[in-house]
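Below you'll find the structure, written out as structure tokens, and then a few comments.
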Amino acid sequence: MKIKYSITCIALLLMTFLGFAQDTPFYETYSWGENPQYKINYSEEEKLATLKHKVVTEFVFEAQDQLVEYYLEHKMLWLNSDESIESYNKVYIPYGASSEIILNKARVINQDGTVLELDESKILEAMNEETGRKYKYFAFEGIEKGSVIDYYYVTKEDPDYKGSRITLQKSHPQEKVSFDLFAPTNLIFDFKSYNGLPAVMEDTLMKDKLHWYLPELKIKGLEKEETAAYNASKKFLIYKLDKNLASNRVDISSYSSTVKTLYGFYYPEYEKKTQKLIDGYLTKHLKKHEDEQQTIRNLENYLKTNVFNSNTSGKELSDLNSVLANNVANETGLLKLYIALLRTLNIKHELVITSNRQDLKFDANFEARNFLTEFMFYFPKYKTYLSPHELDSRYGFPPAYFTDNYGLFIKEVAIGEFKSGIGKVKYIDAIDAEASSDKMILNVSFDTDDLTKCNVSMEKSMTGYYAMYIQPFMFAIKKEDRKELVEGIVQGINESAVMDEFQLLNDDADLFGVKPFQINVDFNSSAFIEKAGRKYLFKVGELIGPQMQIYNEKERILPVESEFNRSYYRTIYVDIPEGFNVANLDDINIKNAYSENGLEYFSFHSYYEIKGNKLKITADEFYRKNIVRPELYEQYRKVINSAADFNKITLVLQPKP
């Protein structure tokens, strides 16, 4: 959910800019050249390359001192494979409801020098049937292997100056990559580059307007890697308006003004009518508990089960009185509802706004609206979080990609009868690995009449993120579907396994975060043991189910970025058949771990104990660090692969001498 400012607020702010005469906007004098010149510096093995990528944004005062933003993007792409031609025979022009396409041109340049310019009939309009949003795209024709598509467009938009992101890296190589920003002489912008992109420079020679730029660059392609924050890792820059010399305003994009706006909007003094509705809503719908945390759980479960979250705008959907009466809200109305109920219950909390670290990591040192996209609540007494908008999330376990990240915390403070909000950027700690566990206890015995058949009694319990997508929703699953759910888990271990009986424990939504969700099930299979002469081969490792294995084919470039910290506990009790022993018990012993400053961050350790014919195998595995630097990748890979190695363990049961 992005922070939205009312049109009135923006208009009032723009009035303070004052009009400054300015020359012709940049785009009016821009041309792509009638005779395109380019050079291919790539081998035939390269499938795709950008020969030019130019981005220009310009802020201009127009009639009645209205500030507008013009955005120009110009690209030349060399398409050297059927795959790249398929990907780029349509190119979409990004623009929204508040923007207007001023200019668009496109052409195809073939290897023989033929230039095919698209006429207006090849610039098409379509509509997204789900959202109703219109969009335009270039429909290229006549593209051959080795062709270049050359296009640019200009849009006119409402100004976005409190934080705009320009991503300049792709998965393929690029050359002649550049960025320019022009502004009236009274508007001072601030910039920050990320992931190794050079810093934006200021042009000190231009007098009639201000100009900041990145000179032309070559940028290598960034390949996608498994378990990586790919979008957040690309080279990009963010710009924001910092000062208006005409009105002596400074820190225009700072969080102090954001905090003031959000607090005033979401934490008002309620009218008597509204407060009466809030009190009645709580009396009717909330089961208050002596344990305050359980009250929070009850509140969340009710709202996420009974309030319809509409994906549209509309005054009624964001009006608190209407939401209380109808249980229908958009994201703004839902946030108002949570806050009203928490305040009335006198549950101390802070409003948190952060980003999804997969897409953009929150920068604690550069204040820009780009980072303020996702809302949560923080309960300082318990050091826990709640996500009001993510239906799959539950109290104590917010969307994992919102954690291990910074965020802006807004706290309500009171001095006498005066109340206000104070903002502070703080780190959102990831949830401990031990809080999200997958635990298996298996008891294995062999059929006395046929040792190739084994009977397994399994207790599987899940907590935290592992239980979150099942336990809170069990109330909605029919009896026959529950059986199918358990069968799916059993057959996930081995598809030939036959389930006998099962039992579900702690399948109440209110018990999520309080007690583990548990499945007790008995099954049998002949897939885990094979006869080899007088011996039997027991594939004990397969009882924990298939495990991921990472192959190291290339040097790791990006950090490993897991969703959440996690732990696995597996205990396998085996009744060794009478008259047999195990020839290769030491194969069970596996130990790989990585430590920093005496703390183990990820580990796999399997070992055994044996007493008479009772064999106990333990395999403990945990990951206490979500973000793993590339230089630690080999240690991480060893731990991950240890579980796959355990999965391959086959014990040899041999007759006793």
Side-chain angles (χ1 to χ4, degrees), residues 1-2 4 7 10 24-34 36 48 50-60 62-63 66-79 81-110 114-144 147-161 164-168 170-172 174 179-180 231 310-314 330 359:
M1 176 180 177
K2 293 187 176 180
K4 299 175 181 177
I7 298 298
I10 292 176
T24 303
F26 171 87
Y27 81 88
E28 292 188 8
T29 58
Y30 186 77
S31 172
W32 59 6
E34 294 302 320
L48 170 66
T50 295
L51 307 180
K52 180 174 185 173
H53 184 194
K54 186 176 188 66
V55 175
V56 183
T57 188
E58 180 165 13
F59 293 85
V60 178
E62 293 192 331
Q66 182 182 7
L67 186 68
V68 298
E69 181 177 2
Y70 288 99
Y71 179 87
L72 177 148
E73 185 171 31
H74 183 183
K75 281 189 177 182
M76 295 181 73
L77 295 167
W78 178 58
L79 310 180
S81 68
D82 292 338
E83 181 184 352
S84 60
I85 292 171
E86 179 68 24
S87 297
Y88 287 94
N89 59 12
K90 289 182 181 179
V91 173
Y92 294 88
I93 303 173
Y95 76 105
S98 61
S99 59
E100 172 188 359
I101 297 176
I102 300 297
L103 179 67
N104 49 75
K105 287 189 173 186
R107 59 190 175 184
V108 177
I109 308 161
N110 288 324
T114 306
V115 179
L116 305 172
E117 187 165 343
L118 272 67
D119 59 33
E120 287 295 324
S121 68
K122 301 303 179 186
I123 301 171
L124 306 177
E125 185 172 87
M127 178 180 288
N128 185 315
E129 293 183 1
E130 291 184 6
T131 63
R133 179 179 173 183
K134 292 182 179 180
Y135 54 89
K136 287 190 176 183
Y137 61 92
F138 299 119
F140 289 98
E141 293 180 353
I143 304 175
E144 305 167 351
S147 294
V148 172
I149 60 169
D150 184 12
Y151 66 91
Y152 76 95
Y153 61 88
V154 178
T155 59
K156 179 181 178 181
E157 307 172 356
D158 289 339
D160 187 1
Y161 51 81
S164 287
R165 174 182 178 176
I166 304 293
T167 300
L168 294 173
K170 306 293 181 183
S171 59
H172 60 267
Q174 298 184 100
F179 167 78
D180 297 84
N231 287 334
S310 174
N311 219 2
T312 59
S313 59
N330 57 19
D359 184 59

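Computed from a predicted structure; not experimentally measured. Numbering of residues begins at 1 and proceeds along the displayed sequence.
- Counting only N and O atoms by type, the side chains of Ser147 and Asn110 include a donor and acceptor under 3.5 Å apart.
- At a threshold of 4.5 Å between non-hydrogen side-chain atoms, the residues Leu103 and Tyr152 count as touching.
- Applying the ring pair (Phe, Tyr, Trp, His ring centres under 6.0 Å) criterion to Tyr27, with sequence neighbours excluded, gives Tyr70.
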>> One pair to check against side chain to side chain contact (heavy atoms under 4.5 Å, CB included): Leu48 and Leu79. What are the steps and the verdict?
In response: CA-CA 5 Å; Leu48 170 66; Leu79 310 180; 3.4 Å; yes
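- Among residues two or more places apart in sequence or in another chain, the salt bridge (Lys or Arg N to Asp or Glu O under 4.0 Å) test is passed with Lys54 by Asp180.
- Put simply, the side chain of Val55 reaches to within 4.5 Å of the side chain of His53, judged on heavy atoms.
- Between Tyr153 and Lys136 the shortest side-chain heavy-atom distance does not fall below 4.5 Å.
- By the 4.5 Å heavy-atom criterion applied to side chains, Ser84 and His172 are not counted as neighbours.
- Rounding to the nearest 0.5 Å places OG1 of Thr57 at 6.5 Å from CZ of Phe179.
- Proximity of Ile101 to Glu125: side-chain heavy atoms (C-beta onward) are nowhere separated by under 4.5 Å.
- Ile102 places none of its side-chain heavy atoms less than 4.5 Å from the side chain of Thr155.
- Classified by interplanar angle (parallel below 30°, tilted 30° to 60°, perpendicular above 60°), the ring pair Phe26/Tyr30 is tilted.
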> Yes or no on side chain to side chain contact (heavy atoms under 4.5 Å, CB included) for Lys75 and Tyr151, after CA distance, side-chain angles and deciding distance?
Replying inline: CA-CA 6 Å; Lys75 281 189 177 182; Tyr151 66 91; 3.2 Å; yes
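- Among residues two or more places apart in sequence or in another chain, the ring pair (Phe, Tyr, Trp, His ring centres under 6.0 Å) test is passed with Tyr88 by none.
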>> Before you tell me yes or no, could you show the steps for Ser81 and Glu83 under side-chain hydrogen bond (donor to acceptor under 3.5 Å, both in side chains), namely the whole-Å CA-CA distance, both residues' side-chain angles and the distance that decides it to 0.1 Å?
In response: CA-CA 5 Å; Ser81 68; Glu83 181 184 352; 5.0 Å; no
